[in-house]
Structures are given as C-alpha cells and as structure tokens.
Number of protein chains: 2
Amino acid sequence: MKVTLDDIARMANVSKATVSRVLNHSTSGVGEETRRRVQAVIDELEYRPNLLARGISISKTKTLGVIVPDISNPFFATLVQQIESYAFEKKYTVLVCTTDNLPEKEERCIAVMITKHVDGVILASAVSEQIEGHLRFQKYGIPCVMVDRKIQTQSELSGGVYVDNEYAFFLATEQLIQSGNHKIAFLSGPVGAATSKERIEGYHYALQAHKIEALPQLMCIGKHSIQSGYNCVMRMHQDQIPFTAVLASSDVIALGAVQALKELGIRIPEEVEVIGFDNIEFGALLDPPLTTIEQPIAELARRSVAMLLELISNIVLKEKNIRLEPKLIYRKTTKTRY
Amino acid sequence: MKVTLDDIARMANVSKATVSRVLNHSTSGVGEETRRRVQAVIDELEYRPNLLARGISISKTKTLGVIVPDISNPFFATLVQQIESYAFEKKYTVLVCTTDNLPEKEERCIAVMITKHVDGVILASAVSEQIEGHLRFQKYGIPCVMVDRKIQTQSELSGGVYVDNEYAFFLATEQLIQSGNHKIAFLSGPVGAATSKERIEGYHYALQAHKIEALPQLMCIGKHSIQSGYNCVMRMHQDQIPFTAVLASSDVIALGAVQALKELGIRIPEEVEVIGFDNIEFGALLDPPLTTIEQPIAELARRSVAMLLELISNIVLKEKNIRLEPKLIYRKTTKTRY
DNA sequence: TTGTACGCGTTATCAG
DNA sequence: CTGATAACGCGTACAA
C-alpha cells in the first residue's frame with residue numbers, strides 16, 4: 001500500500017542512498033542515466049517521501065506553529081490566512097493552536113508545538129510577560145517571533161513584529177480630545193495581553209498631555225468580542241456614566257459598542273464619537289462607517305514569516321523588533337478631522 | 001539539550017522499554033517502585049516524547065488536516081476555530097491549509113497532508129467532483145470527512161457533514177416569491193464548489209415550482225467576498241437589469257450587495273429585498289440587519305470532528321452522511337414573513 | 001516485571 | 001558515481 005524509499009530502491013536496482021540523492025540534491029551526485037531510471041520508478045509508483053521520517057532524521061519538519069487567541073476574530077482570521085499563505089509559498093505548513101486568551105492553554109499549545117517539533121512558531125501571546133513556555137522554546141532551540149503582541153525577551157532565537165500600540169492610541173485619543181471630548185470611554189480587551197496594556201497607556205498619556213483626569217469608571221475591561229463592546233456600553237449607560245466618545249481596543253469591540261449606542265438611540269457621531277482599532281473589513285460596512293486605526297495585517301504576516309524563516313536559517317536579524325506604523329482611517333463615527 | 005527516552009532510561013537505570021511503558025500503558029506492566037523512579041527522572045528532566053518518532057513508529061500523528069478555501073471568510077474562520085477547539089479537547093492538533101478555491105492548490109494541500117501523515121482530514125472542497133487527490137486519501141488509508149461542501153464518494157474511509165443547501169435555497173427563494181418578487185437576482189459563489197451548484201439548483205427548483213422563468217442575466221457568478229457581491233449588484237445596475245430581490249450564496253456576498261444597493265440609493269427592503277446565507281455574526285449588525293439562512297457552524301464542526309475520530313478508530317459509522325437542517329433567520333432586509 | 005533487539009522511513013558518512 | 005551502514009527517537013514482540 002504505502003510505497004517507501006526502500007521500495008523505490010529495490011525496483012530501480014539501486015541503493016536507498018541513491019534514491020535519496022535524486023530526491024534531494026537533485027542537481028548533482030547521480031549519473032544521468034540512473035537518475036532517469038529512479039525518477040521513472042518514483043513517478044510510476046507516485047512515491048511521496050514520508051516527512052515524519054525525514055523530520056526525525058534531519059530535525060526539520062517544514063512546519064510552522066501559529067498560536068493565536070481566537071481565529072473567529074476577523075483580525076486573527078486574516079492574520080492566520082496571510083501567514084498560511086506566505087508560509088505555503090515557502091513550502092511550509094502551519095500547525096494552528098488557539099489559546100482563547102488563557103495563559104494555561106497557551107502553555108499547552110507551546111507544549112504541543114515542542115513535541116511536534118515545529119521549525120519555528122509565530123505567537124500572538126495571551127500574556128504580556130515572558131512565561132515558562134516561552135523559555136522552553138529557547139531551551140529547545142525553537143525560534144519564535146511575537147506578532148501583534150510584543151513581549152520583552154533577550155533570546156537570540158526570537159523577534160517581534162507589531163504596530164506601535166501606544167502611539168496609535170495616543171493619536172486616537174488626541175484626535176478625540178481635539179474634537180472636544182473630555183469624557184472618553186475606553187473599552188479594553190483582556191488586560192493580560194501586552195497590547196491591551198500598551199493601548200491603555202497610550203490613552204492615558206494623551207489624557208495627561210491635555211491635563212484631563214483619567215476616570216476609572218470610563219474604563220471597561222472585557223474581551224475582544226462584539227458582545228463585550230455591547231455590554232460595556234450598556235453597563236455604562238445603566239450606571240449613568242456620562243461620556244461623549246468611545247475608544248475601543250479593537251474593531252469587534254467597537255462594533256458591539258456602536259450597536260448598543262444605536263439601540264439606546266444615541267446618535268453617532270453627533271452625541272458620541274467612536275474610534276476602533278484593526279480596520280477589519282466589516283467596519284467600513286457599518287452605518288455609520290467606523291473610524292478606526294489600521295493595522296497592516298498582510299504586512300504583519302509577511303514580515304513575521306520572513307523573520308521566522310531567517311531565524312530558522314540562522315541568519316542574524318538586521319532588526320530584532322520590527323515596528324509598523326499605525327494609521328488613522330477617518331470615516332463617519334467621528335466628526336471633524338483634527 | 002534535547003532529552004530523549006534513551007536518556008531517561010540511562011538515568012533511571014532501566015531499559016527504554018520500561019520507560020516507554022510508564023509513558024504509555026500507564027496503568028500496568030511496571031512495578032510500582034520502578035515506575036516512581038522513572039517518573040521522577042521524567043519530571044526532573046522535563047522530558048517530552050518526540051511525537052515525530054512516535055508517529056513513524058506507530059503510524060499515528062495525532063494531527064488532523066483541515067483544508068478550507070479561505071480562513072478570512074468569517075464562516076470558515078469560525079468553522080476552523082471550532083474544529084481546532086474540539087480537536088484540541090481530543091488531544092489532536094490541526095494542520096491548516098487553504099485552497100483559495102483553486103483545484104490545483106487543493107491537490108497540493110492534499111499532497112502535504114499525505115506526506116505529513118495526518119491521521120485524518122476535514123475537507124471543504126473547492127470542487128464538486130471527486131478529484132485525484134480525494135482518491136489518494138483512500139489509497140493511503142487516510143479518513144476524510146467532507147464538511148459544508150458535499151462530494152459523492154463511496155469510500156469506506158469517508159463521510160460528510162453538511163446542511164441541505166438545495167432545500168435551504170428552495171425555502172429562501174420561495175419566501176421571496178411569496179413576498180411578491182418575480183425578479184430575483186442570484187449572487188453565486190464560485191461554480192466549482194458543490195455548494196454553489198446545490199444552492200443554484202434550489203433557487204431554480206423554487207422558480208420552476210412557481211412557473212417563473214430563470215433569467216440568465218439575473219445570475220451573477222463571483223467569489224465569496226464582499227467585493228464580489230458589491231460588483232455583481234453594481235454591474236446589474238449598470239446593465240439596467242431590473243430586480244426586486246437579491247438572494248446571495250453567502251453572507252459576505254450579501255454584505256457587499258447591501259453596500260452597493262445603499263450607495264445606489266435603493267431602499268432595503270422596500271425596493272429590493274435581500275437574503276444571505278451562513279448567519280455570520282456581522283449580518284445582525286448591518287443596517288438593516290440581514291435576513292439570512294443559518295448554518296449551524298458549531299454543530300458542523302463538532303459532528304465532523306466526531307465523525308473523523310470514529311473513522312480513525314475504525315468505528316463503523318451509523319450514518320455516513322449527516323445532514324443538518326438549515327433555518328431561515330428573519331431580520332430586516334426582507335418585508336413580510338411568509 | 002524487566003530487558004534485548006529490531007523495525008518504522010529517511011538522511012548522512014564513509015568506503016569503494 | 002554508487003552502495004553499505006549507522007544514526008534519528010520511539011514502540012513492541014519476544015525472551016528472560
């Protein structure tokens with residue numbers, strides 16, 4: 001049933017070594033005639049090398065691990081899509097694992113990646129500090145690039161690709177302030193994540209710069225989901241907390257917030273302005289279309305795959321941390337453009 | 001650096017076989033005392049078995065292949081998310097590959113799954129006929145369950161989980177007809193896919209049943225994307241083709257169609273009614289909220305993983321093809337509910 | 001209960 | 001240019 005290298009060797013009257021040669025170093029080392037004979041047998045039997053066996057032999061699996069919190073979030077869906085696409089071009093396959101933003105599940109994902117001997121992993125971590133698992137990658141010599149969510153690490157085997165969250169939210173907050181808003185609600189994702197912290201800091205810096213007090217009741221910690229954004233706005237409304245703007249930590253949160261505002265009969269942007277983050281495709285279809293901060297997802301994916309492959313090839317990185325520029329996309333959930 | 005079973009054996013003064021025993025048949029076959037000693041060494045050295053080596057040895061990789069057209073489509077994103085989740089619970093990891101709806105890329109994805117020796121694959125095929133690759137699964141003894149997109153096959157090693165597309169579109173079309181529409185534009189996905197064909201047929205049957213002619217100019221073949229839905233409507237409008245309803249082959253197409261109609265100043269549902277398919281989360285946030293046909297994604301995922309695991313365990317399937325009931329979700333892009 | 005020896009499919013080293 | 005042969009890490013008859 002399964003045809004192996006051994007079978008080919010036997011049928012072609014050569015040794016396994018020779019077959020292996022025509023398979024790999026396809027340009028040299030084998031006589032033209034024998035090469036043809038071997039290749040013929042390979043073709044006829046439709047032989048495909050067992051990558052597991054090859055993996056155990058040369059310690060390279062041509063597999064990349066991808067660890068993200070949640071694929072159903074369009075941001076990560078698109079990210080994974082792009083990563084898979086670039087990786088496939090480079091002859092790599094991706095092993096996907098989701099953490100649901102749970103640190104303990106992240107540890108288990110990491111454990112899987114190690115036992116399955118992926119050549120490297122791209123990680124959007126659920127946590128902001130280096131955890132045991134991350135060190136284990138080092139220990140096992142598995143390169144790791146942090147994408148989207150930055151984590152401090154001094155490992156030679158790791159790097160990072162992300163946008164400057166702090167700056168992005170500083171800009172967005174400032175836009176809102178310049179537009180006359182002093183009570184800006186902030187709808188955050190899980191605080192465990194590095195991105196959440198950075199985004200909150202950017203928001204705080206902007207407030208400070210304009211000598212506006214950061215009111216704790218304007219901060220809502222939730223998840224990156226529509227439901228969460230919806231709940232935050234509803235709760236603030238119930239608690240009668242006044243605000244004239246909403247800054248959301250992700251577009252899905254913003255979508256939920258907009259939905260809640262609509263149900264409450266609050267006009268956007270006249271009564272409340274809204275800014276999201278990610279620039280997912282659906283934001284533009286909303287009514288009114290969502291003003292947001294763009295994350296260059298394709299670029300994020302491309303650069304992280306490229307960096308990981310360099311790490312795998314032991315190429316020294318020109319820059320261990322690539323920071324991409326965020327960009328404000330002005331649509332209709334904000335009034336004037338500052 | 002890397003600690004192997006051999007190392008453990010040496011340190012614990014036992015043979016590899018014994019270590020292997022405490023690792024696998026964890027309940028019996030080893031003396032209580034030696035078991036403790038071996039386990040202690042395993043824990044201390046944080047030994048993790050090499051799943052590649054195990055894979056080549058027992059021909060089981062604990063890996064499931066997942067082949068879908070496009071993860072950035074929310075329907076597939078959610079599907080993959082759920083599949084990964086169920087698989088992870090059952091100690092399996094997923095190898096993801098996207099076909100972009102290209103038959104040749106599907107062949108390459110299949111080839112990868114075979115060389116990487118996945119234990120089984122879940123496939124949402126880009127094609128409606130059995131292609132060479134599908135047969136190869138059979139040849140290599142790899143179980144395969146078709147999800148969402150049905151393909152006829154008589155292999156003992158395959159099954160299918162899907163909703164009744166034909167019936168779903170028959171219902172939706174009838175709803176539109178009963179509501180007074182005779183010129184119903186149909187916005188299809190790629191015709192290669194089985195689902196597209198079935199959906200078109202359901203649409204045609206309903207028209208026939210009501211003796212309405214199926215006008216070719218009302219049929220627009222595109223891709224499952226927002227852009228495609230948008231383009232279809234715009235083109236029909238430019239060509240001055242009259243229609244009073246739009247039936248879309250997927251929600252993303254419907255979203256694009258609604259966007260186009262809005263830009264054209266056509267009121268929904270007063271002038272044109274719209275029905276989508278999938279019931280993705282964003283449909284409900286649209287203005288007006290999208291009437292659609294629900295696909296029970298979580299159920300689709302759960303059943304297909306369960307079926308695949310049964311196939312892998314050589315359990316005979318109670319039913320080779322599981323058909324889930326689609327359900328019309330009435331929202332605001334349609335007028336009266338029939 | 002425990003150990004020995006071999007097989008799984010591939011690559012790599014070293015002869016010839 | 002080609003062929004033995006030894007790894008790679010693990011599971012498992014079979015023997016002790």
Side-chain angles (χ1 to χ4, degrees), chain A residues 1-39 41-42 45-63 91 114-119 140-142, chain B residues 1-39 41-42 45-63 112 114-119 140-142:
Chain A
M1 200 84 288
K2 307 205 173 186
V3 29
T4 74
L5 188 144
D6 231 4
D7 299 329
I8 304 296
R10 210 165 319 154
M11 307 238 61
N13 277 322
V14 292
S15 72
K16 298 193 298 179
T18 304
V19 180
S20 182
R21 286 190 195 97
V22 346
L23 235 49
N24 302 318
H25 329 285
S26 48
T27 44
S28 74
V30 184
E32 194 52 40
E33 188 189 318
T34 40
R35 141 165 288 105
R36 255 197 289 275
R37 185 155 38 99
V38 171
Q39 188 62 51
V41 180
I42 289 178
L45 272 63
E46 292 185 5
Y47 163 70
R48 300 281 176 272
N50 181 336
L51 254 46
L52 291 184
R54 176 177 292 173
I56 169 184
S57 181
I58 63 174
S59 296
K60 292 245 165 289
T61 52
K62 285 287 177 183
T63 303
K91 312 285 189 193
I114 291 174
T115 57
K116 299 231 165 151
H117 288 244
V118 297
D119 292 340
Y140 284 90
I142 299 176
Chain B
M1 203 82 286
K2 309 207 173 186
V3 30
T4 74
L5 189 146
D6 232 3
D7 300 328
I8 304 294
R10 212 165 317 154
M11 307 236 61
N13 278 319
V14 293
S15 74
K16 297 194 300 178
T18 303
V19 179
S20 182
R21 285 190 196 99
V22 346
L23 236 48
N24 304 318
H25 328 286
S26 47
T27 46
S28 74
V30 185
E32 194 52 40
E33 186 190 317
T34 41
R35 144 166 287 105
R36 254 197 289 276
R37 186 155 37 102
V38 172
Q39 189 62 51
V41 180
I42 289 178
L45 273 62
E46 291 185 5
Y47 165 69
R48 300 280 176 274
N50 181 336
L51 256 47
L52 291 182
R54 177 178 292 173
I56 171 182
S57 180
I58 63 175
S59 295
K60 291 252 167 286
T61 53
K62 285 288 178 180
T63 303
V112 169
I114 292 174
T115 56
K116 298 231 166 154
H117 286 243
V118 296
D119 292 340
Y140 284 89
I142 298 177

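Just so it is clear, the values below take in all heavy atoms, side chains as well, and ignore hydrogens, waters and symmetry mates. Lettering follows sequence order; numbering is per chain, from 1. For clarity, every value in this text was computed on a predicted model and none was experimentally measured.
Applying the side chain to side chain contact (heavy atoms under 4.5 Å, CB included) criterion to A:Ser15, with sequence neighbours excluded, gives A:Ala17, A:Thr18. The side-chain hydrogen bond (donor to acceptor under 3.5 Å, both in side chains) test applied to B:Thr34 returns no partner, not counting sequence neighbours. With sequence neighbours left out, the side chain to side chain contact (heavy atoms under 4.5 Å, CB included) criterion links A:Val41 to A:Ile8, A:Met11, A:Ala12, A:Leu45. Annotation: side-chain hydrogen bond (donor to acceptor under 3.5 Å, both in side chains) contacts of B:Lys62 (sequence neighbours excluded): none. Not counting sequence neighbours, the partners of B:Arg48 by the side chain to side chain contact (heavy atoms under 4.5 Å, CB included) test are A:Thr115, A:Arg136, A:Tyr140. Legend: residues meeting side-chain hydrogen bond (donor to acceptor under 3.5 Å, both in side chains) with A:Ser57, ordered by chain and number and at least two apart, are absent. Qualifying side chain to side chain contact (heavy atoms under 4.5 Å, CB included) partners for B:Lys16, counting only residues two or more places apart in sequence or in other chains: B:Leu5, B:Asp6, B:Ala9.
At a threshold of 4.0 angstrom between heavy atoms, the contacts of B:Asn13 are confined to the sugar-phosphate backbone, with no base atom among them. In this structure, B:Ser59 reaches neither bases nor backbone, as no heavy-atom distance under 4.0 Å exists between it and the strands shown.
In terms of phosphate contacts, A:Ser15 brings no side-chain nitrogen or oxygen within less than 4.0 Å of OP1 or OP2 of D:dA4.
Computed from C1' positions of five pairs at each end, the angle between the two local axes of the helix from C:dT1-D:dA16 to C:dG16-D:dC1 equals 40°, rounded to 10 degrees.
When the P atom of D:dG9 is taken as reference, atom CG of B:Asp7 falls 8 Å away, rounded to whole Å. Look at OH on A:Tyr140: it is 12 Å from P on D:dG9, rounded to the nearest Å. D:dG9 atom P lies 19 Å from atom NZ of A:Lys116, rounded to whole Å.
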Audit row: B:His117, A:Asn50, side-chain contact (heavy atoms from CB on, under 4.5 Å) steps and yes/no: CA-CA 7 Å; B:His117 286 243; A:Asn50 181 336; 3.4 Å; yes
Nucleotides 9-16 of chain C: protein proximity per nucleotide (B base, S sugar-phosphate only, - neither; heavy atom, under 4.0 Å): BBSB----
